[in-house]
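Computed over heavy atoms, backbone and side chain alike; hydrogens, waters and symmetry mates excluded. Read the numbers this way: they start at 1 and go in the same order the structure lists the ligands and their atoms.
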Amino acid sequence: MTNSSDFTIIPVLDLNLLQSGNQDQLLDELRSALLDVGFFYVKNHGVAQWPSDEAVPGFRQTYIQLLASYKKLALQLIELIALSLGLPKDTLYQYFEKDQQNRAKVIKYPSVNELDPNDGNQGVGPHKDGAFLLTILYQANDLPGLQVQNHSGEWIDASPIPETFVINIGTGLEMLTGGLAVATTHRVLNPPPGRGPRYSIPYFFSFRLDKPFKPLELPEKFKLLEPKEAVSDAFYEEKESFMNNLSSVFLRNRITSHPDVGFKHYPKLAQEYGVDANTKF
Ligand SMILES: O=C(O)CCC(=O)C(=O)O
Ligand SMILES: [Fe+2]
């Protein structure tokens with residue numbers, strides 16, 4: 001499907017607009033990122049992104065601090081997202097717990113020439129981030145790989161921009177907003193030969209699992225907007241299972257992200273999700 005207003009760049013949002021008294025501009029940009037793209041960069045976020053050389057012996061402590069900073073940024077974004085949708089800023093707090101577990105992982109993507117040709121590309125297959133509100137992604141070195149699919153099916157590079165994080169909307173926020181905020185499909189390709197490995201740290205800001213899941217009451221003006229069906233097909237297919245069974249959403253995310261492993265262990269489910277033994281990305 002071709003869409004004349006489709007995105008071809010990933011917007012960059014500047015959190016300094018808060019300090020400079022331009023919150024309304026930031027909220028307008030955030031709303032458009034939420035509704036049209038599902039991905040954005042944030043700059044001037046106040047988070048130290050990588051342990052310094054001297055800090056490496058204290059990696060654990062450093063990493064814990066890093067996670068705490070990610071969480072602080074996630075909470076700030078959660079409040080701004082609510083405001084950008086015309087809701088009180090604490091609206092999304094009901095969906096997570098103060099001390100819930102949020103997952104992060106440090107990923108190494110070897111360059112293609114380091115891979116066994118029989119293993120194919122070991123990046124991450126096309127997927128939406130699962131049962132999460134949002135993902136904060138640190139691209140730790142200057143190598144391309146992350147690509148975001150626009151509504152016409154084209155792959156748009158989300159190359160690293162120094163000092164930024166990439167933020168993307170998870171299926172959880174898509175469901176909560178009735179498909180208005182988009183959880184956009186993305187993938188990761190291994191870096192080209194000769195450029196060394198790519199490293200990244202995604203942080204997945206989760207949901208509380210112990211409460212029934214009730215979609216948000218959005219202000220009237222948003223009810224007139226059409227969800228972006230091209231990227232929100234999962235919304236219609238998965239609505240029931242998502243509301244009742246978050247674990248199936250996790251499993252789908254795992255199988256589509258890592259199709260070779262997914263097919264090996266869950267061949268029937270994998271096929272339901274369009275993954276088979278020859279799936280390449
Ligand atoms: O490494 C990246 O750039 C993104 C990884 C990703 O999309 C994921 O793990 O869900
Ligand atoms: Fe992802």
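- Across Leu26, Leu85, Leu13, Val42, a single residue satisfies side chain to side chain contact (heavy atoms under 4.5 Å, CB included) together with Leu80, and that is Leu26.
- Within 6.0 Å of atom CD in Gln19, more than 12 heavy atoms from other residues, nucleotides or ligands are found, so the atom counts as buried in its surroundings.
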Atom pairs and distances, ligand 1 N/O vs protein N/O under 3.5 Å:
unit_1	atom_1	unit_2	atom_2	d
ligand 1	1 (O)	Tyr109	OH	2.6
ligand 1	1 (O)	Arg198	NH1	3.3
ligand 1	1 (O)	Ser200	OG	2.7
ligand 1	3 (O)	Arg198	NH1	3.2
ligand 1	3 (O)	Arg198	NH2	2.8
ligand 1	7 (O)	His127	NE2	3.2
ligand 1	7 (O)	His186	NE2	3.1
ligand 1	9 (O)	Lys105	NZ	3.2
ligand 1	10 (O)	His127	NE2	3.0
ligand 1	10 (O)	Asp129	OD1	3.1

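- Between Phe263 and Tyr266, the distance from one ring center to the other does not fall under 6.0 angstrom.
- Taking CZ of Phe205 as the reference point, atom OH of Tyr95 lies at 13.5 Å (rounded to 0.5 Å).
- Between the Fe ion (ligand 2) and the N, O or S atoms of Asp129, the shortest distance is to OD1.
- Note that CD1 of Ile10 and CD1 of Ile167 are 12.5 Å apart. Values are rounded to the nearest 0.5 Å.
- Between the NE2 atom of His127 and the NE2 atom of His186, the angle centred on the Fe ion (ligand 2) amounts to 90° when rounded to 10°.
- Transitive grouping of hydrophobic side chains (ILVMFWY, heavy atoms separated by less than 4.5 Å) brings Leu18 and Leu134 into a common cluster.
- Note: His45 and Phe165 have tilted aromatic rings, judged against thresholds of 30 and 60 degrees for the angle between ring planes.
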